[in-house]
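To start, the structure under review is shown below, and the notes come after it.
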Amino acid sequence: MSYISYMDRTREFYAAQGFDVAYEWAHHDDVPFTAFTQRLSDARVGIVTTVYMDQETPMMARQAEAVPVEQAPTHFLNDDLSWDKETTHMADRRSYFPLEYLRACVTEGRLGSLSPRFYFAPTQYSQRLTIEQDAPAIVQFAREDTLDAVILVPI
Amino acid sequence: MVIGTAWDIVTHCGVPRFVYNDLPLGNPLGRPWDLNMQSQTLDAALSLLVDAKSPAVDTTRHAWSTDEQWKSTYMAVNDENRESLRERGEENRRQRMADKAAGLKRD
């Protein structure tokens, strides 16, 4: 496997745009971990996504949100996010938002239930805003919806 | 449980559970319309969710195409786009200043 070094690519890409301070990617020496001790067929799971509902709110003003899954658009609007627009497309929601798959798991009895809401995690340049505001907000949403796990699918 | 395509960024960060797909940014769960690949990714994620006893990474065997040409183009900087990238940076800074002045930012 030869994975793409996105950190190197990003540094070079933004340096070419005249941004002289390189981005500092998040890094944690200690990773929090909780073993999953219950049966999946009893568990409630939610989706966290980085795709957004509209493009009128500038990226830097977006905050964590909880949205009823019935309001998930068939096509999220994500042109202002960074993804490989030359190689692929995002016309198939199932390739980045696993709502249909998880619903099928619930119908089959593999999964206990799906959260009534999904959660938006904004793409933020500020780690402070992510760590101090958005992450705690999503944890709070997950507690309100009595979740056992979340699947975070960043695009 | 994180499912993603940016190996270096996610492993640099460190997360409790990570299923990695070697696919372009934009389709972390699988190729568009490829329900089989998408289901395999999510099956792997649910397995890792339940089975992991400590922070764990699972790499699928999925490939975007038979060659890896697509990996060379994303965010590439070359002589053809150098000037347009410089202009894009200028525009980006102008827009951010305007958004900031309009109060469209967070504190």
Side-chain angles (χ1 to χ4, degrees), chain A residues 1-10 12-19 25-36 40 45 57-58 60-61 63 78 82-92 94-98 101-102 105 110-111 124 126 129 133 149-155, chain B residues 1-10 12-17 20 22-35 38-39 42 45-46 49-55 59 64 68 70-71 73-77 81-82 85-86 88-90 92-93 95-96 99-100 103-106:
Chain A
M1 176 183 74
S2 64
Y3 64 82
I4 296 174
S5 177
Y6 287 106
M7 292 195 284
D8 289 342
R9 293 267 179 104
T10 306
E12 291 162 19
F13 191 70
Y14 285 100
Q17 293 186 43
F19 292 97
W25 278 268
H27 176 73
H28 304 280
D29 289 324
D30 293 315
V31 176
F33 182 87
T34 304
F36 199 79
L40 199 56
V45 171
T57 310
M60 59 200 280
Q63 303 185 43
N78 38 49
S82 293
W83 51 280
D84 192 343
K85 300 177 177 80
E86 193 171 326
T87 302
T88 189
H89 62 81
M90 295 181 67
D92 177 16
R94 294 165 301 186
S95 71
Y96 60 87
F97 190 78
Y101 173 90
L102 291 174
C105 285
R110 273 177 79 193
L111 185 64
Q124 266 292 344
S126 162
L129 290 176
Q133 297 184 19
V150 293
I151 299 180
L152 165 58
V153 191
I155 65 154
Chain B
M1 177 76 239
V2 177
I3 305 173
T5 49
W7 171 272
D8 62 330
I9 293 173
V10 178
H12 179 77
C13 176
V15 298
R17 298 168 179 85
Y20 169 67
D22 190 17
L23 302 173
L25 296 186
N27 312 121
L29 301 178
R31 275 192 301 256
W33 319 120
D34 188 339
L35 299 188
Q38 294 166 10
S39 293
L42 286 151
L46 292 184
L49 172 65
V50 173
D51 296 339
K53 303 293 182 228
S54 60
T59 300
W64 178 253
E68 301 206 326
W70 64 272
K71 293 186 178 180
T73 55
Y74 183 70
M75 277 189 163
V77 178
N81 67 4
R82 210 174 298 277
L85 284 175
R86 195 193 60 73
R88 180 170 157 177
E90 294 295 329
N92 197 330
R93 281 182 285 276
Q95 187 63 51
R96 283 192 199 185
D99 286 344
K100 205 170 177 176
L104 297 171
K105 66 181 269 297
R106 296 169 60 185

Problem set entry | Geometric class of the A/His27/B/His12 ring pair [parallel <30°, tilted 30-60°, perpendicular >60°] | tilted
Exercise. Passes salt bridge (charged side-chain N to carboxylate O under 4.0 Å, His left out), A/Asp92 versus B/Arg31? Steps please.
Worked result: CA-CA 9 Å; A/Asp92 177 16; B/Arg31 275 192 301 256; over 6 Å; no
Problem set entry | Residue A/Val150 versus chain B: region with a heavy atom under 4.5 Å | backbone
Exercise. If you tally heavy-atom pairs under 4.5 Å against chain B, which of A/Glu12, A/Arg94, A/Met90, A/His28 wins?
Worked result: A/Arg94
Exercise. What part of B/Ala52 is in contact with chain A, defined as an atom under 4.5 angstrom from a non-hydrogen atom: side chain, backbone, both or neither?
Worked result: both
Exercise. Between A/Arg9, A/Gln17, A/Lys85, A/Gln133, which shows the greatest number of heavy-atom pairs under 4.5 Å with chain B?
Worked result: A/Gln17
For this session: Measure B/Val77 against the heavy atoms of chain A and call it side chain, backbone, both or neither at under 4.5 Å.
Result: side chain
Exercise. Can you check whether B/Val2 reaches A/Pro154 side chain to side chain, under 4.5 Å on heavy atoms?
Worked result: yes
For this session: Assess the pair B/Tyr20 and A/Tyr3: is the distance between their ring centroids shorter than 6.0 Å?
Result: no
Exercise. Are side-chain N/O atoms of B/Asp34 and B/Gln38 paired as donor and acceptor at under 3.5 Å?
Worked result: no
Problem set entry | Portion of B/Ser39 that has a non-hydrogen atom of chain A nearer than 4.5 angstrom | both
Problem set entry | Side chain / backbone / both / neither for B/Asn92 at chain A, heavy atoms under 4.5 Å | side chain
Exercise. What orientation do A/His89 and B/Trp33 show, parallel under 30°, tilted 30 to 60°, or perpendicular over 60°?
Worked result: tilted
